[in-house]
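The block underneath contains the structure these notes are about, expressed in structure tokens.
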Amino acid sequence: MHFTHQDTQRLAASMLEWYDRHHRTLPWRSEPGDTPDPYHVWLSEIMLQQTTVQTVGPYFAAFLKRWPTVTDLANAELDDVLHAWQGLGYYARARNLHKCAKVVASEYDGVFPDTEEGLLKLPGIGPYTACAVAAIAFNRHASPVDGNIERVISRLFALETPLPDVKPEIKEKSAALTPSDRPGDYAQALMDLGATVCTPRNPACGICPWQADCEGRKSGIAPDLPKKRKKDPKPTRVGYAFWIRREDDGRILVRRRPEKGLLGGLYEVPGSDWRAIEAPDDVMLSEAPVSANWSELDGTVGHTFTHFHLNVSVLATTLPADHADKLEGSWTTIDGLSDFALPTIMKKIVRHALKYGPA
DNA sequence: AAGACGTGGGG
DNA sequence: TCCCCAAGTCT
């Protein structure tokens with residue numbers, strides 16, 4: 001399948017026309033004709049990595065309100081950024097977001113670089129985001145390829161090679177279709193189309209501006225594209241959470257996780273390691289922050305991460321203050337828990353402890 | 001280069 | 001219930 005130069009111009013034009021009529025108004029999108037704020041574009045693109053528009057909305061608004069400029073964000077404390085990010089997931093994004101803001105503020109005088117290669121050097125900005133920001137914020141002739149565009153292009157050309165092998169071919173085909181005029185709108189058009197028309201399941205080919213040219217639709221395989229390699233089943237891990245209450249004031253112990261790795265920099269109810277195979281109770285118990293008289297609460301807390309399922313049992317105890325004060329971490333009231341950046345698994349553990357724990 | 005890295009919604 | 005999916009990056 002090959003398009004002539006004339007074909008590509010026609011396809012780009014019909015896509016932009018579709019965008020002008022059907023594009024969504026999103027908080028980070030400038031009005032047509034207005035120059036977008038690179039800070040807004042960058043912030044939204046980082047938040048939107050592997051995350052839905054609906055989920056991002058409130059976070060984007062809250063960040064912009066609290067940190068109106070990239071310099072404001074650079075001057076923030078990391079813990080405050082992680083706190084504002086809690087629940088959004090992939091927390092390395094928040095750490096890199098903060099790092100990136102600091103670099104832009106200190107080394108670029110608060111002004112984002114306006115080229116793909118300049119952007120690519122910044123923390124948390126990879127090939128997709130560099131391309132997207134260059135196109136959307138700076139109107140550069142760049143062709144970002146995200147999951148939506150992979151789907152649209154693989155269908156348009158009926159590419160049956162599975163991802164990720166087919167990625168270079170998609171990149172090449174997509175670049176060849178990208179117009180010099182309005183490359184940013186064109187990129188957003190493809191993403192909108194992928195999100196609302198050329199959807200993973202039940203694509204609405206009947207209303208697609210490219211239906212007449214789509215090889216995938218014509219051969220009836222569009223809904224099955226792009227092909228992907230099968231994923232390995234997720235293993236299940238188990239562990240304990242230690243709900244430790246200080247006797248005199250009823251405060252609870254929380255602690256900050258190491259900055260690298262899973263849930264890095266967020267706070268946790270102290271816990272054992274999460275193991276693939278259930279270890280004997282005494283091994284898990286030896287990982288408690290303190291030796292104590294534990295009572296196991298009813299039920300378990302289940303949570304699924306990207307690459308494993310987790311089942312946590314909660315052990316509760318109450319410690320005399322002189323004993324409690326030797327432990328590492330922060331003692332907080334229940335209400336005060338909202339001041340800490342807690343990932344969803346920890347919120348579940350807190351909820352479970354409050355529901356089943358000793359009164 | 002393949003695996004680590006979150007979460008919530010939809011079918 | 002369970003699997004797939006969402007504007008990927010880092011190591």
Side-chain angles (χ1 to χ4, degrees), chain A residues 23-24 26-29 40-60 82 85-97 99-100 119-137 142-152 163-165 167 171 174 184 186-196 198-203 223-224 226-237 257-266 268 274 302-310 341-348:
Chain A
H23 74 82
R24 302 178 284 179
L26 301 173
W28 44 86
R29 221 167 239 183
H40 298 189
V41 175
W42 163 73
L43 178 61
S44 68
E45 287 299 342
I46 301 297
M47 287 184 166
L48 286 163
Q49 289 168 8
Q50 302 292 286
T51 310
T52 58
V53 163
Q54 184 178 344
T55 300
V56 165
Y59 287 89
F60 179 80
L82 288 170
W85 197 274
Q86 66 176 325
L88 200 49
Y90 284 143
Y91 297 99
R93 290 185 296 170
R95 302 191 298 271
N96 285 144
L97 184 86
K99 201 180 298 177
C100 182
L119 289 158
L120 193 51
K121 292 177 183 155
L122 296 169
I125 297 188
Y128 162 75
T129 305
C131 225
V133 174
I136 297 169
S143 310
V145 176
D146 74 326
N148 290 301
I149 297 179
E150 281 177 350
R151 190 166 54 254
V152 172
L163 286 167
D165 294 1
K167 232 174 167 47
K171 177 83 186 167
S174 186
Y186 175 79
Q188 294 179 91
L190 281 190
M191 291 189 267
D192 271 18
L193 187 84
T196 62
C198 195
T199 48
R201 282 165 298 208
N202 307 317
D224 302 319
K227 305 260 190 209
K228 298 187 178 181
R229 292 227 185 81
K230 293 209 172 90
K231 289 164 188 164
D232 295 338
K234 289 188 210 294
T236 296
R237 298 185 191 172
R257 294 172 63 89
E259 277 205 18
K260 292 201 169 200
L262 186 65
L263 310 177
L266 277 78
E268 65 175 2
W274 297 334
H303 190 72
T304 298
F305 292 101
T306 311
H307 51 299
F308 64 94
H309 302 289
L310 176 65
L342 294 175
T344 298
I345 171 62
M346 293 303 154
K347 293 195 174 195
K348 288 183 181 176

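In the text below, chain A, chain B and the rest are named by the order of the sequence lines, each starting its count at 1. Since we're looking at a predicted model, the values are computed, not measured.
A side-chain donor-acceptor contact under 3.5 Å links A:Glu45 and A:Tyr128. Checking A:Arg93 against A:Gln49 by side-chain atom types alone, no donor-acceptor pair falls below 3.5 Å.
Separation of the P atoms belonging to C:dC2 and B:dC5 is 23 Å when rounded to the nearest angstrom. For the P atoms, the distance linking C:dC4 with B:dG3 amounts to 16 Å, nearest Å.
Of the two residues contacting DNA chain B, namely A:Arg229 and A:Arg93, the nearest-nucleotide position lying further toward the 5' end is that of A:Arg229. Residue A:Phe308 is the one, among A:Phe308 and A:Asn202, whose nearest nucleotide of DNA chain B lies closer to the 5' end (criterion: closest heavy atom).
Contact annotation: side chain of A:Thr52 to base of B:dG9, donor-acceptor pair absent below 3.5 Å. A donor-acceptor contact under 3.5 Å is formed by the side chain of A:Tyr90 with the base of B:dG6. Contact annotation: side chain of A:Thr306 to base of B:dG6, donor-acceptor pair present below 3.5 Å.
Within the 4.0 angstrom heavy-atom criterion, no nucleotide atom of any strand lies near A:Val56. Across all strands shown, A:Leu88 has heavy atoms under 4.0 Å from base atoms, whether or not it also approaches the sugar-phosphate. Across all strands, A:Thr129 comes closer than 4.0 Å only to sugar-phosphate atoms, never to a base (heavy-atom distances). If you check every strand for non-hydrogen atoms under 4.0 Å, A:Gly194 touches nothing. Among the protein residues, A:Ile149 comes within range of no part of the nucleic acid, since none of its heavy atoms lies under 4.0 Å from any strand. Within 4.0 Å of A:Arg24, counting heavy atoms only, lies at least one base atom of the nucleic acid. Using a 4.0 Å heavy-atom distance criterion, A:Pro127 is classed as a sugar-phosphate-only contact. When heavy atoms are screened at a 4.0 angstrom cut-off, A:Leu26 is found touching base atoms of the nucleic acid. Base contact: A:Trp28 has a heavy atom under 4.0 Å from a base atom.
Here the side chain of A:Asn96 is nearest to one of C:dG8, C:dC5, C:dC10, namely C:dC10. Nearest nucleotide to the A:Lys228 side chain, out of B:dG6, C:dC5, C:dT9: C:dC5. For A:Arg151, counting side-chain heavy atoms from C-beta on, the closest listed nucleotide (C:dA6, B:dG6, C:dC10) is C:dA6. With C:dC5, B:dC5, C:dG8 as the candidates, the nucleotide lying closest to the side chain of A:Leu262 is B:dC5.
The distance from atom CD1 of A:Ile46 to atom C1' of C:dA6 is 15 Å, rounded to the nearest whole Å. When the P atom of C:dG8 is taken as reference, atom CG of A:Leu163 falls 12 Å away, rounded to whole Å. Counting to the nearest Å, the P atom of C:dT11 and the NZ atom of A:Lys260 are 6 Å from each other. For the pair A:Leu122 CG and C:dT9 P, the computed distance is 12 Å after rounding to whole Å. The NE2 atom of A:His309 sits 12 Å away from the P atom of C:dT1 (whole-angstrom rounding). The separation between A:Arg237 atom CZ and B:dG6 atom P is 12 Å, rounded to whole Å. Atom-to-atom, CD of A:Gln50 to P of C:dC10 comes out at 13 Å; the value is rounded to the nearest Å. The NZ-C1' distance, from A:Lys234 to B:dG6, rounds to 10 Å in whole Å.
Look at A:Lys231 and you'll find a side-chain N or O under 4.0 angstrom from OP1 or OP2 of C:dC5. Residue A:His307 has no polar side-chain atom (N or O) positioned under 4.0 Å from OP1 or OP2 of B:dG3. At B:dT7, one or more side-chain N or O atoms of A:Thr344 fall inside 4.0 Å of OP1 or OP2 (strictly under the cut-off). For the OP1/OP2 pair of B:dT7 and a distance below 4.0 Å, the side-chain nitrogens and oxygens of A:Tyr91 include at least one atom meeting the criterion. The side chain of A:His303 contributes no N or O atom lying less than 4.0 Å from OP1 or OP2 of B:dG6.
Put simply, OH on A:Tyr186 and CE on A:Met191 are 11.0 Å apart, with the number rounded to the nearest 0.5 Å. Taking CG of A:Asp165 as the reference point, atom NZ of A:Lys227 lies at 14.0 Å (rounded to 0.5 Å).
For A:Ala142, the side chain to side chain contact (heavy atoms under 4.5 Å, CB included) test picks out A:Glu116, A:Cys131, A:Ala134, A:Ala135, with sequence neighbours left out.
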Passes side chain to side chain contact (heavy atoms under 4.5 Å, CB included), A:Leu43 versus A:His40? Steps please. CA-CA 5 Å; A:Leu43 178 61; A:His40 298 189; 5.9 Å; no

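Side-chain rings of A:His303 and A:Phe305 approach one another, their centers coming within less than 6.0 Å.
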